[in-house]
Amino acid sequence: MRILLFTGKGGVGKTTLSAATALKAAREGQRTLILSTDPAHSLSDALGQELSAEPQEVEPNLFAQEVDVYYSMQKHWGNIRQLMLATFRLQGVDQIVAEELSALPGMEEASAFLWLEEHYNSGQYDLIVIDSAPTGETLSLLSLPQATQSWLLKAFPGQRFAMKGFGAMVRGMTGIPLDHGLDEMERLFDKLQAIQKVMQDPGISSIRIVLNPERMVIREAMRALTYLQLYGYNVDAVLVNRVFPEAAGQGGFGQYLQTQARYLGEIEEAFAPLPIFQLPHQGQEVFGLPLLENIGQRLYGGAPFLQVLYQDKAFTIQERGGKGYEVKLKLPLAEEGKLKVQKFGDELMVSLGNQKRPVALPRFAHYLQLGPYRYEAPWLIIELAP
Ligand SMILES: Nc1ncnc2c1ncn2[C@@H]1O[C@H](COP(=O)(O)OP(=O)(O)OP(=O)(O)O)[C@@H](O)[C@H]1O
Ligand SMILES: [Mg+2]
């Protein structure tokens with residue numbers, strides 16, 4: 001059983017590449033499900049087929065599903081939904097607005113995670129591919145269940161999961177199924193926690209970061225890598241999409257190609273030793289299975305794309321008992337003498353001779369000062385002071 005999750009900035013090609021990957025796997029005989037968690041639902045466009053909120057067969061071995069938060073809540077978490085609706089109405093919120101509010105931020109992601117849990121445990125698939133929403137939402141998906149738990153607790157002030165007796169009393173008095181809702185919520189968090197463990201198991205789940213050779217896209221991808229490593233998820237490859245071929249230079253794109261070459265170099269610096277795959281710009285939008293099949297071949301070449309392509313924990317950041325933080329960076333080839341570290345805002349720049357490696361820090365590190373650093377093979381250890 002394998003789970004592959006594709007993430008990246010909006011519009012970089014997550015849907016296209018995840019669909020191409022799923023199709024390739026299916027045609028190689030893997031029973032594959034592709035799950036879209038993006039409310040924009042462009043997966044049906046990419047596959048050239050109408051999809052629904054339940055898995056649907058696209059062709060033999062290939063199933064696709066577009067997660068819908070309202071559908072998911074009605075089907076699986078009716079009691080929670082009722083509880084939320086009733087609570088909002090009690091607070092004087094209009095019925096229609098209450099309907100909308102019952103799908104709170106995080107619920108979209110939670111639904112996706114719960115579907116994943118169901119499909120994972122069904123044992124029906126060899127591979128589940130997740131075509132996710134842009135980076136920010138995906139990070140909140142992956143920081144579930146903690147995030148969801150915190151806002152749900154906020155939504156029901158004073159109600160703790162332990163208060164079953166109280167819940168039953170409220171049901172008796174007001175008809176609000178508080179106890180059933182709380183029970184269901186508890187089961188929901190258990191499931192979220194279980195599937196999060198599966199997502200953090202590097203032997204089962206891999207995250208693939210999709211990007212384009214463009215400045216802002218690269219920066220967002222670097223930050224995503226840092227956060228994913230921080231949360232304990234294994235990123236096993238970087239996919240560079242929409243690379244213009246050299247031949248485009250003849251069409252007056254010479255300047256653009258020069259910039260692109262520089263960005264491709266920066267991608268190498270920032271992500272090596274992660275395997276980096278490239279896909280050329282196709283010169284047209286990519287819709288339908290024939291084009292997707294072609295892309296799957298071009299993207300991975302002969303690489304064993306279903307396997308875990310890379311596995312390592314190359315970055316950690318730890319609190320130093322009130323004395324700031326310690327960043328550890330794995331740099332197997334470094335020679336200590338020539339190492340230099342600089343800090344620019346929330347980014348570190350590690351230089352070794354004329355090689356450079358930019359490292360995105362979590363946002364809170366912006367206001368920390370660069371302290372002393374040392375090399376203890378293979379780790380570069382950097383102190384950050386308040
Ligand atoms: N290599 C490529 N060459 C040409 N067009 C491409 C390529 N990759 C993707 N596209 C096109 O770019 C558009 C955006 O791609 P896609 O929908 O896969 O991105 P996305 O990252 O899923 O976007 P979103 O963040 O909105 O979900 C689509 O129209 C797609 O057909
Ligand atoms: Mg998409």
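Whatever order the structure lists them in is the order used to number ligands and atoms, beginning at 1.
- Protein heavy atom at the shortest distance from atom 19 (O) of ligand 1 is Gly13 N, 3.1 Å.
- Residue Val286 has at least one N or O atom closer than 3.5 Å to an N or O atom of ligand 1.
- Considering CG of Leu47 and OG1 of Thr15, their distance stands at 9.5 Å, rounded to 0.5 Å.
- Between Trp115 and Tyr71, the ring planes lie parallel to each other; the angle is under 30°, not in the 30° to 60° tilted range.
- At a threshold of 2.8 Å, the Mg ion (ligand 2) has a backbone or side-chain N, O or S atom of Thr15 nearer than that distance.
- For atom 26 (O) of ligand 1, the nearest protein heavy atom (residue, atom name, distance) is Gly11 N, 3.9 Å.
- Separation of atoms CD1 (Ile34) and CD (Gln56) is listed at 13.5 Å; rounding is to 0.5 Å.
- Remark: Asp201 does not engage Arg2 in a salt bridge, criterion side-chain N to carboxylate O under 4.0 Å.
- When only interatomic distances are considered, the shortest N/O to N/O separation between Leu17 and ligand 1 does not fall below 3.5 Å.
- A cation-pi arrangement is present between Lys24 and Phe305 under the rule of less than 6.0 angstrom and at most 45 degrees off the ring axis.
- Note: Phe253 and Phe244 have parallel aromatic rings, judged against thresholds of 30 and 60 degrees for the angle between ring planes.
- Nearest to atom 27 (O) of ligand 1 among the protein's heavy atoms is Asp38 OD2, 3.0 Å.
- In the candidate list Arg298, Arg242, Gln284, Gln284 is nearest to atom 4 (C) of ligand 1, counting heavy atoms.
- Protein heavy atom at the shortest distance from atom 20 (P) of ligand 1 is Lys14 N, 3.4 Å.
- Only side-chain heavy atoms of Leu279 come within less than 4.0 Å of ligand 1; its backbone N, CA, C and O stay farther off.
- Ligand-side atoms of ligand 1 in range of Gly10: 25 (O), range being under 4.0 angstrom from any heavy atom.
- Between the CZ atom of Phe6 and the OG1 atom of Thr16 there is a distance of 11.0 Å, given to the nearest 0.5 Å.
- For the pair Lys328 and Glu326, the salt-bridge criterion is not met [side-chain N within less than 4.0 Å of a carboxylate O].
- A salt bridge links Lys75 with Glu54: the closest approach of a Lys/Arg side-chain nitrogen to an acidic carboxylate oxygen falls below 4.0 angstrom.
- Under 4.0 Å from ligand 1, the heavy atoms of Asn241 that appear belong solely to its side chain.
- The shortest N or O to N or O distance between Thr16 and ligand 1 is below 3.5 Å.
- Every atom of ligand 1 with a heavy atom of Glu285 under 4.0 Å away is listed here by number and element: 29 (O), 31 (O).
- Interface atoms of ligand 1 facing Gln282, defined by a heavy-atom separation under 4.0 Å, are 1 (N), 2 (C), 3 (N), 4 (C).
- Of the N or O atoms in Pro280, one or more lie within a sub-3.5 Å distance of an N or O in ligand 1.
- Numbered from 1 in the order shown, with element, the atoms of ligand 1 that lie under 4.0 Å from a heavy atom of Thr15 read 17 (O), 18 (O), 20 (P), 22 (O), 27 (O).
- Ionic pairing of Arg219 and Glu347 is present here: one or more N-O contacts between side-chain nitrogen and carboxylate oxygen are shorter than 4.0 angstrom.
- In terms of N/O distances under 3.5 Å, ligand 1 is approached by Val12.
- In this structure, Asp236 CG and Ser206 OG are separated by 3.5 Å, a value rounded to the nearest 0.5 Å.
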